[in-house]
Amino acid sequence: MSTQSKPSAEQMAYHGGEMEQDSPLDTMRHSAAHIMAAAVLEMFPDARFAIGPAIENGYYYDFELPRSLTPDDFPEIEERMARLRKADNPFERAELSRSEALEAFGDQPYKVEIINDLPEDATISVYKQAHFTDLCRGPHVPSAGQVGPFKLLSVAAAYWRGDEKRPQLQRLYGTAWATQQELDDYLWRLEEAKKRDHRRIGKDLDLFMVSEQIGGGLVTWLPKGATIRRELENFIIKAEERGGYKHLYSPHIAKIELYMTSGHWQHYRDSMYSPIKVEEEQYILRPMNCPHHIMAYKNSLHSYRELPLRLAELGTVYRYEKSGELTGMSRVRGFTINDAHIFCRPDQLREEFVRVVELIQELYQAVGFRDYVYRVSLRDPADTEKYVGGDEMWQLAENAIREALDSIGAEYVEAVGEAAFYGPKLDIMVRDVLGREFAASTNQVDLYLPERFELEYVDADGSRQRPAMIHRAPIGSLERFFAFLTEQHAGAFPVWLSPVQAVVIPIADRHAGYAEEVATRLREADVRVEVDARSERMNSKIRDAQMQKVPYMLVVGDREAEAGAASVRLRSGEDLKAQPMDEVIRMVTEDIREHR
RNA sequence: GCCGACGUAGCUCAGCGGCAGAGCAACUGUUUCGUAAACAGUAGGUCCCCGGUUCAAAUCCGGGCGUCGGCUCCA
């Protein structure tokens with residue numbers, strides 16, 4: 001039964017929105033999971049078994065065991081698995097009636113639960129591998145010997161059926177491949193990925209820090225990271241101003257009543273911090289910007305002629321995240337959203353949403369951000385508790401998003417149950433170096449908050465009408481976006497974003513004066529440039545600049561000083577030889593201007 | 001928050017009951033060099049915190065805090 005678990009939205013996104021047939025590799029990995037379970041059964045005869053599917057790059061199996069497994073147990077489990085593989089027993093399939101199955105798995109409560117959840121007409125099959133018989137849909141490889149090279153990777157806790165109120169099981173992760181070479185390659189890729197981890201690079205390049213004294217999940221952008229952020233912010237604001245957005249600033253805290261009106265206090269409280277008492281009034285750190293922008297909208301009466309009104313802010317919000325889920329810059333407790341709220345007539349929704357998607361594409365293009373997937377996050381019609389508003393409202397909002405994407409031919413996957421409590425979303429999903437999936441951007445159609453706040457505009461006939469709203473955040477939070485940007489570029493940011501765009505490297509101390517002249521000329525052209533005037537060898541300075549991923553290294557010695565030139569080395573290692581200073585300045589400033 | 005692993009110099013890590021260590025970085029001196037690491041020296045520690053065991057604890061035990069990997073949740 002192990003493969004019959006419902007695919008998560010993440011898995012669906014990875015498979016491009018369709019459940020694929022089990023590939024031969026998936027089948028083999030799923031068989032590896034059975035062999036691992038058989039090995040665990042040898043060690044723990046009382047083990048209870050949950051599920052053990054193939055996943056991207058490997059497999060896992062969830063167990064309930066009398067004691068916790070640790071990595072020290074891996075060698076023994078792997079040895080037992082190797083023996084089972086060598087014994088090469090067949091995977092034998094049998095079909096059981098419901099009562100036979102319940103009888104056979106009487107001492108396996110998780111299997112019993114799965115059987116009871118199966119539809120009436122389901123075929124119930126089991127697979128026997130050596131001494132281990134498992135409830136399973138299959139398919140499997142013919143015999144244990146067909147399982148490829150494998151390795152156990154980690155052990156972690158996982159709640160039964162993903163529910164934190166239910167028992168916690170031990171999940172053993174493994175990987176398996178068709179050949180030893182592929183296994184080695186995969187393990188090597190894992191190591192390489194760690195080198196691109198934004199936390200590693202953030203430390204190496206002095207981009208940001210998280211201090212225990214300040215608090216977990218509270219990020220300090222160090223000067224170099226702050227430079228990148230400021231460039232991004234300026235770029236975003238300019239693009240948005242071109243797109244008709246008006247930027248504003250609003251405070252980070254507000255009276256609690258504001259968030260009661262919006263419904264956040266009722267529906268989003270788990271993510272909000274406790275109120276702060278100020279002179280008999282309760283204030284809270286805002287978890288979202290929308291109520292503030294709505295108040296800005298309500299500050300004056302609006303004509304239909306003004307719509308769409310697009311109010312934007314790089315708005316800082318604070319959300320409570322459990323300590324165990326904080327990570328570097330990608331999961332934090334205080335962050336700044338590239339936020340905006342578009343107030344428009346309902347008939348303008350589709351076109352406005354198209355413009356939102358186009359803006360996203362423009363921004364991503366400019367920063368060299370490529371690997372992402374559109375996900376339309378829909379309401380789960382079965383779970384009405386979680387959402388507000390009626391069917392009609394949801395349908396209108398969901399259709400606006402789908403139609404917008406269809407009209408520009410964008411491909412997307414749909415994820416039921418991932419909507420916000422007040423509306424469906426277009427999420428843009430990206431993966432970090434370790435393959436974990438995050439939303440980089442969320443964009444929502446909202447017909448609910450205008451209702452809650454009784455928003456109005458004056459229509460052509462003088463009547464009062466209710467506007468629709470779009471919440472949009474093309475790059476989501478600056479923190480998370482920065483994390484992915486860092487990983488995608490492995491710290492070698494495009495020139496226009498690089499904190500240090502050029503380093504001037506004098507060959508000997510006597511060239512320091514000329515190096516300063518070179519730097520001054522670049523500074524006058526608004527290039528971020530530093531002079532490495534240490535009494536080090538040129539080779540050493542080049543190495544340091546390379547490690548800092550500085551895009552331009554400008555070596556100057558006697559020849560360059562004589563000619564009014566600089567020798568240009570790029571971080572790719574390419575040596576462009578001596579270039580006149582005018583040419584050097586032209587190259588660098590062109591890269592910056594063209595966002596290269 | 002839950003399960004597991006890990007917390008030693010600014011960074012990366014060794015040491016695992018008996019004097020606190022290495023490389024890199026920093027600092028000082030020598031070297032003035034042509035495209036990825038010159039040489040020598042100096043300094044740097046609450047071994048995460050609190051408690052316990054022991055003649056003796058970085059090391060063993062208990063509790064706490066933090067980080068990391070998962071789970072749940074999410075920008």
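From a predicted model like this one, the values you see are computed outputs, not experimental measurements. By convention in this document, chain letters (A, B, ...) are assigned in the order of the sequence lines, proteins followed by strands, and residues within each chain are numbered from 1.
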Give A:Gln170 one of three labels, base, sugar-phosphate or nothing, depending on what nucleic acid heavy atoms sit under 4.0 Å from its own. nothing
Between C1' on B:rA36 and CZ on A:Arg537, what's the gap in Å once rounded to a whole number? 11 Å
Any donor-acceptor pair under 3.5 Å between the side chain of A:Arg571 and the base of B:rA36? no
Between A:Ile505 and A:Leu554, is any pair of side-chain heavy atoms under 4.5 Å apart? no
Distance, rounded to the nearest Å, where A:Asp270 contributes CG and B:rG1 contributes P: 14 Å
Give A:Asn539 one of three labels, base, sugar-phosphate or nothing, depending on what nucleic acid heavy atoms sit under 4.0 Å from its own. sugar-phosphate
Assign A:Gly216 to base, sugar-phosphate, or nothing according to its heavy-atom contacts below 4.0 angstrom with the strands shown. sugar-phosphate
Tell me yes or no: between the side chains of A:Asp432 and A:Ser330, is some donor less than 3.5 Å from an acceptor? no
When you get a sec, tell me which of B:rG34, B:rU72, B:rC74 is the closest nucleotide to the side chain of A:Ile507? B:rG34
With centres under 5.5 Å and planes under 30° as the test, does A:Phe335 stack with B:rA75? yes
So what does A:Ala439 touch, heavy atoms closer than 4.0 Å: a base, only the sugar-phosphate, or nothing? sugar-phosphate
Taking B:rC48 as the reference, what is the distance to B:rC68 when you measure between their C1' atoms (whole Å, please)? 15 Å
Contact class for A:Asp558 vs. all strands (heavy atom < 4.0 Å): base, sugar-phosphate, or nothing? base
Could you state the atom-to-atom distance from CZ of A:Arg171 to C1' of B:rG69 in whole Å? 13 Å
Quick one: the side chain of A:Glu560 and the base of B:rG34, do they pair up donor-acceptor inside 3.5 Å? yes
